[in-house]
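Proteins get letters first, then strands, A, B, ... in listed order; numbering begins at 1 in each.
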There are 2 protein chains.
Amino acid sequence: MRLVIARCQVDYAGRLTAHLPMATRLILIKADGSVSVHADDRAYKPLNWMSPPCTLVEDDGVWTVQSTKTDDSLVIGIEEILHDSSHDLGVDPGLVKDGVEAHLQQLLAENVETFGAGWRLVRREYPTPIGPVDLLCRDEAGTTVAVEVKRRGEIDGVEQLSRYLELLDRDPQLSPVRGVFAAQEIRPQARTLANDRGISCVTVDYDALRGVDDPSERLF
Amino acid sequence: MRLVIARCQVDYAGRLTAHLPMATRLILIKADGSVSVHADDRAYKPLNWMSPPCTLVEDDGVWTVQSTKTDDSLVIGIEEILHDSSHDLGVDPGLVKDGVEAHLQQLLAENVETFGAGWRLVRREYPTPIGPVDLLCRDEAGTTVAVEVKRRGEIDGVEQLSRYLELLDRDPQLSPVRGVFAAQEIRPQARTLANDRGISCVTVDYDALRGVDDPSERLF
DNA sequence: ATTTATATGTCGCAA
DNA sequence: TTGCGACGTATAAAT
């Protein structure tokens with residue numbers, strides 16, 4: 001990893017064109033070949049960058065970064081270098097994440113009564129030709145219900161569920177099939193579209209559900 | 001801006017939990033208060049980060065970054081510091097972008113004849129219950145046309161336009177409503193889906209359109 | 001402040 | 001390779 005602090009101007013041409021006037025910035029060159037130009041704000045997002053695979057050519061105050069795959073390019077005009085150091089970091093062992101949506105789906109599968117008393121789970125990840133339905137249930141009346149689980153409910157999710165419902169409803173073993181759109185929060189537009197298509201919306205309290213499920217969080 | 005190269009381990013807790021084993025990494029501390037931890041790959045993306053507003057407390061080999069707004073926290077265990085330098089970058093003049101979708105939509109709104117002679121614009125951002133249609137036009141025959149503008153035409157855009165068309169077509173003042181999908185480039189699958197739904201596809205030459213519109217680029 | 005659409009989104013997985 | 005969905009998405013525009 002190479003860290004360069006320099007007065008520089010930058011021009012990017014590719015999916016869009018962008019220009020950075022002359023100023024002092026950090027140029028971060030990683031071992032993966034990537035180059036990014038940072039100001040002292042915008043959190044971790046650089047002003048300009050080039051993702052690998054790309055090549056960096058340093059030529060008399062003009063650094064050119066050219067993408068290998070596309071015709072994207074980054075031209076950095078260097079006026080003055082204030083700092084330049086390289087460091088061997090080695091390979092990173094990587095990070096361990098514990099996600100949200102997968103966990104949410106699992107919690108709901110274990111607590112389908114969240115949707116109503118008498119509900120039971122038929123299958124998680126119920127397969128269809130266009131992909132698995134998150135949860136397939138039967139409600140208290142025995143009607144089939146396909147549940148789509150999202151962390152944030154947006155229009156795309158309603159579309160996805162609609163496609164599943166159309167397919168599932170063709171199966172005489174399952175038909176008629178209701179739809180439930182479950183998410184921590186549901187955007188008004190998504191709710192509108194869901195209602196328009198006869199799909200129920202359920203907002204889920206993730207923390208409460210986790211509290212119900214996680215013994216370490218139980219009060220008794 | 002402060003650059004620290006250190007052997008460290010990191011724990012993040014907030015919207016998810018994540019752990020980074022001990023390794024050598026870059027810790028980037030910006031003037032905006034943000035802290036990000038970088039490995040030597042993943043292009044410009046850090047392994048972990050904290051966005052401002054947040055506070056960094058350094059305490060005997062344990063750096064704690066606490067979000068001011070939420071209860072997100074980043075705990076960095078420092079084993080050894082290999083480099084530590086600070087640099088005054090000043091305020092960045094900012095970057096100038098060109099070529100985004102808004103500009104494309106504006107250009108097309110000002111040049112609806114791009115779609116055909118005799119076309120006129122009814123409204124830009126024509127409102128519907130599920131969001132605004134980019135351009136609503138009348139073609140040379142007076143037929144209503146909804147135009148969806150994208151930089152890159154993909155399936156999502158066709159779906160979006162389809163939803164608008166379904167709604168608009170219910171309005172007797174507008175019906176029947178045709179659809180036009182306009183983009184700099186249109187993916188084959190998107191084109192296929194559009195054709196299947198009777199939606200016309202128009203690829204737009206952005207540079208030519210800008211040349212038509214921008215007097216400084218005109219040749220005469 | 002909240003909601004919505006955009007992004008040089010990036011990233012990972014599966015067909 | 002392409003398509004598709006998730007992301008600690010982030011961020012700017014519009015209500």
Handout entry: Approximate separation, where rounding is to 0.5 Å, of Asn48(A) CG and Lys97(B) NZ
Key = 8.5 Å
Problem - Spatial distance of atom CD1 (Ile78(B)) from atom CD1 (Ile27(B)) [nearest 0.5 Å] - result: 3.5 Å
Practice task
Respond yes when some side-chain nitrogen or oxygen of Lys150(A) is under 4.0 Å from OP1 or OP2 of dA6(D), and no when none is.
Solution key: yes
Exercise for the section: Between Glu154(A) and Ile155(B), name the one whose nearest nucleotide on DNA chain D is closer to the 5' end. Expected result: Ile155(B)
Fill in the blank from the handout: Rounded to whole Å, the CZ-P distance (Arg15(A) to dT8(C)) equals 8 Å
Exercise for the section: Would you tell me whether Thr144(B) and Arg138(B) have side-chain atoms, one donor and one acceptor, within less than 3.5 Å of each other? Expected result: yes
Exercise for the section: Identify whether any heavy atom of Gln189(A) sits under 4.0 Å from a base atom; if not, whether one sits that close to sugar-phosphate; answer base, sugar-phosphate or nothing. Expected result: sugar-phosphate
Problem - Heavy-atom pair with the smallest gap, counting every atom of Gly157(A) and Glu148(A) - result: O-CG, 4.1 Å
Fill in the blank from the handout: Ranking Lys45(A) and Met50(B) by the position along DNA chain D of their nearest nucleotide, the one closer to 5' is Met50(B)
Problem - Euclidean distance for P, dG8(D) against dT6(C) (whole angstrom) - result: 23 Å
Practice task
Using a heavy-atom cut-off of under 4.0 Å over every strand shown, decide if Arg151(A) touches base, sugar-phosphate, or nothing.
Solution key: sugar-phosphate
Exercise for the section: Output yes when at least one side-chain N/O atom of Lys97(B) is less than 4.0 Å from OP1 or OP2 of dT8(C), else no. Expected result: yes
Exercise for the section: Indicate whether OP1 or OP2 belonging to dG5(D) is found under 4.0 Å from a side-chain N or O atom of Arg163(A). Expected result: yes
Exercise for the section: For Tyr12(B), report the nucleic acid contact type (base, sugar-phosphate, nothing); a contact means any heavy atom under 4.0 Å. Expected result: base
Problem - Upstream residue (5' side of DNA chain C) when Leu74(A) and Ala43(B) are each assigned their closest nucleotide - result: Leu74(A)
Exercise for the section: Please report, rounded to the nearest Å, how far the P atom of dG8(D) is from the CD atom of Gln66(B). Expected result: 19 Å
Problem - Residue-phosphate contact under 4.0 Å: Arg42(A) side-chain N/O, dA12(D) OP1/OP2 - result: no
Exercise for the section: Tell me which of Pro188(A) and Ser51(A) sits closer to the 5' end of DNA chain C, going by the nucleotide each one is nearest to. Expected result: Pro188(A)
Practice task
Pick base, sugar-phosphate or nothing for Arg124(B), based on heavy-atom distances below 4.0 Å to the nucleic acid.
Solution key: nothing
Practice task
Give one of base, sugar-phosphate or nothing for Asp156(A), where a contact means two heavy atoms less than 4.0 Å apart.
Solution key: nothing
Exercise for the section: Just call it for Lys69(A): base, sugar-phosphate, or nothing, with non-hydrogen atoms closer than 4.0 Å on any strand. Expected result: nothing
Problem - Presence of Trp49(A) side-chain N/O under 4.0 Å of dT10(C) phosphate oxygens OP1/OP2 - result: yes
Handout entry: Side-chain N,O (Arg152(A)) to OP1/OP2 (dC7(D)) below 4.0 Å
Key = no
Exercise for the section: May I ask you to say whether Arg2(A) pairs ionically with Asp84(A), meaning some side-chain N is under 4.0 Å from a carboxylate O? Expected result: yes
